[in-house]
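This chain uses plain numbering: 1 for the first residue, then up along the sequence. In this text the structure is predicted, and so the values were computed from the model without any measurement.
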Amino acid sequence: MVKQLLLGLALCGAMVLSATEGVSDMAVQLFGKEAATKRVDKGVVFIDGLYVKAPYSVTREGNVILINGQIASRFKVESAVAGAMATAREAAKNDPAMQGGEISEEAGATIGSDDTPTLESTSKGTKAPAGKKPSALEAKIAKQYANGTGLEAKIAAQKKAKELKEASAKGSFNESSSGTGETMALFEEADYTYTPPAKPEPPAVPYVRPAAKASFAETAAKNKARAEEVAAKAAAAASGAKEEEESEEIATEDFENLSEEEIAAITKKVADRRALLEKLLEADSLVLLSANTSAAKTQKKAVMLRFVASLEKLCSASSADALVKQWGKTLPAGYLRKIYDNRESNAPEMKTLILRVNREQKEAKERSSRRL
């Protein structure tokens, strides 16, 4: 029903809405269009390594974002059903049953594979080696000797107990160790009189770790800040990895089986990106975009000023190595090489921008010197 409704709307509105070249008419019918709220004369935009001259007008048509009428970003369109079917097709490639292969009845192995190894059967009643079997009496005696409970062991224990009894009855307290029997005092009476110290000892001070001196609130705040820092680093790493992954994947468009919820979600996602780009350009940021993907890399004004000021000198080198070496940790290396490859086309368009950047840097330096 939803599919029929969408097709009906597309056919009815085909004469009303028209798409820009490179934008699908179906995408415009499903996701609508959005005009720019303002023209922004700040910021720096590169699309696939090509510089786009200001002022900027950021619009949206369907799943595509345009800057000054040029496609700047494209979002992938695919229903959850289509994604599940693609996953099933990938899984079928590695499944011999789905590929028409024969399956054997032994442990589900494919015919022609190695046989399943089996263990040799052993009988439960394994006989002991042939020989003379000891009698019950001999086995009992051997067991007693082994445990120390035989006759000889009992006689030795009785003899030892008798000797200890005689020695304890005789007694040997306060006698000489020479065995003569003469008594002698082996010790004198000790003096147990308590003598207090001349100076009282200071009370014991227990050691308290510095971390334990902090209050519970301070410790909790410190732990929370540490956890947020770790989470921020992990999120930045994941965002960078996701951004790099998006930059390599071309956005595909499949409008079949889209639900109303998916259409609303894609519309909101693209509209939010359009508004964000407009806001970033108004803040005089650096924006790097790709026309075939939704990947975007942005930097604040301070980075933009330094990048534009150094770009002319770095692009005059014989290769892009100098540009990548200086800015490769801040901006994607692959995108920097695209900017270098388009240096001849960018140079005349960026003259006004370079003059503005040099002027703003000079004014900032003068303000700083006056404050000093």
Side-chain angles (χ1 to χ4, degrees), residues 17-25 27-28 30-77 243 246-253 266-301 303-305 307-308 311 315 327 330-332 334-357 360:
L17 295 175
S18 59
T20 305
E21 183 179 358
V23 181
S24 172
D25 292 331
V28 176
L30 294 178
F31 310 120
K33 301 174 69 173
E34 192 174 357
T37 59
K38 64 184 75 173
R39 289 183 64 84
V40 184
D41 57 354
K42 296 180 180 179
V44 178
V45 175
F46 285 89
I47 301 176
D48 292 331
L50 281 170
Y51 170 70
V52 180
K53 196 173 183 179
Y56 301 113
S57 176
V58 186
T59 59
R60 179 181 69 84
E61 293 189 14
N63 62 319
V64 174
I65 295 176
L66 302 97
I67 295 181
N68 292 356
Q70 181 179 348
I71 296 177
S73 188
R74 185 186 299 270
F75 284 76
K76 183 177 181 179
V77 178
E243 179 179 303
E246 285 184 349
S247 63
E248 298 177 357
E249 182 181 359
I250 297 177
T252 57
E253 298 175 342
I266 294 174
T267 303
K268 183 178 185 304
K269 186 176 181 180
V270 185
D272 290 346
R273 176 65 67 85
R274 190 215 67 81
L276 177 62
L277 289 177
E278 196 172 66
K279 184 178 180 181
L280 289 171
L281 291 175
E282 193 174 6
D284 210 359
S285 303
L286 172 66
V287 180
L288 308 181
L289 301 171
S290 177
N292 294 323
T293 70
S294 60
K297 183 69 176 179
T298 62
Q299 292 292 339
K300 294 182 178 181
K301 180 178 179 179
V303 177
M304 181 275 292
L305 293 175
F307 177 73
V308 173
L311 192 59
C315 286
W327 290 98
T330 306
L331 302 173
Y335 205 96
L336 292 173
R337 296 187 185 279
K338 290 183 180 180
I339 294 176
Y340 179 84
D341 294 339
N342 293 285
R343 60 190 182 280
E344 294 182 0
S345 301
N346 293 336
E349 298 293 328
M350 296 183 66
K351 286 184 178 180
T352 305
L353 172 65
I354 293 174
L355 291 174
R356 176 174 76 87
V357 168
E360 291 186 5

- [ ] Output all residues satisfying salt bridge (charged side-chain N to carboxylate O under 4.0 Å, His left out) with Arg343, sequence neighbours left out; order by chain, then residue number.
- [x] none
- [ ] Can you sort out the partners of Asp48 under salt bridge (charged side-chain N to carboxylate O under 4.0 Å, His left out), two or more places apart, ordered by chain and number?
- [x] none
TODO: Run the numbers on Leu286 and Leu331 for side chain to side chain contact (heavy atoms under 4.5 Å, CB included), then give the verdict.
DONE: CA-CA 10 Å; Leu286 172 66; Leu331 302 173; 4.1 Å; yes
Task: All side-chain hydrogen bond (donor to acceptor under 3.5 Å, both in side chains) counterparts of Glu253, not counting sequence neighbours - done: Asn63, Arg74
Task: Separation of Ile67 CD1 from Ile47 CD1 (nearest 0.5 Å) - done: 5.0 Å
Task: Between CD1 on residue Ile339 and CG on residue Leu288, distance to nearest 0.5 Å - done: 5.5 Å
Task: Leu336 side chain near Tyr340 side chain, heavy-atom distance below 4.5 Å - done: no
Task: Carboxylate-amine/guanidinium proximity below 4.0 Å for Asp272 and Lys268 - done: yes
- [ ] Specify the closest pair of heavy atoms between Val64 and Leu66, including all atoms of both residues, with the distance to one decimal.
- [x] O-CD1, 3.9 Å
Open item on the list: I need the full list of salt bridge (Lys or Arg N to Asp or Glu O under 4.0 Å) pairs touching residues 35-44, with sequence neighbours left out, sorted by first then second residue.
Closed with: Lys38-Glu282
- [ ] Give, for atom CD1 of Ile250 and atom CG of Asn292, the distance between the pair rounded to the nearest 0.5 Å.
- [x] 5.5 Å
- [ ] State, with a plain yes or no, whether a side-chain heavy atom of Thr330 is found less than 4.5 Å away from one of Phe307.
- [x] no
Task: Under 3.5 Å: donor-acceptor pair, side chain of Tyr335, backbone of Phe46 - done: yes
Task: Listed partners of Glu349 passing salt bridge (charged side-chain N to carboxylate O under 4.0 Å, His left out), at least two apart - done: none
Task: Donor-acceptor pair, side chain of Asn346 and main chain of Tyr51, under 3.5 angstrom - done: yes
TODO: Keeping the roles fixed (side chain from Arg60, backbone from Arg273), state whether a donor-acceptor pair exists under 3.5 Å.
DONE: no
TODO: Please name the pair of heavy atoms, one in Ser73 and one in Ser294, separated by the smallest distance, quoted to 0.1 Å.
DONE: OG-CA, 3.5 Å
TODO: Any chance you could measure Ser290, atom OG, to Ile71, atom CD1, to the nearest 0.5 Å?
DONE: 11.0 Å
- [ ] Grab the two heavy atoms, one from Leu50 and one from Ser345, that are nearest each other, plus how far apart they are.
- [x] CD2-CB, 4.0 Å
TODO: Calculate, to the nearest 0.5 Å, the distance between atoms OG1 and CG belonging to Thr59 and Leu277 respectively.
DONE: 11.0 Å
Open item on the list: Measuring from atom CG of Leu281 to atom OH of Tyr56, what distance do you get when rounded to the nearest 0.5 angstrom?
Closed with: 7.0 Å
Task: salt bridge (charged side-chain N to carboxylate O under 4.0 Å, His left out) involving Glu278 - partner list, sequence neighbours excluded - done: Arg274
Task: Asp284 vs Glu360, side chain to side chain contact (heavy atoms under 4.5 Å, CB included): CA-CA, chis, key distance, verdict - done: CA-CA 12 Å; Asp284 210 359; Glu360 291 186 5; 4.2 Å; yes
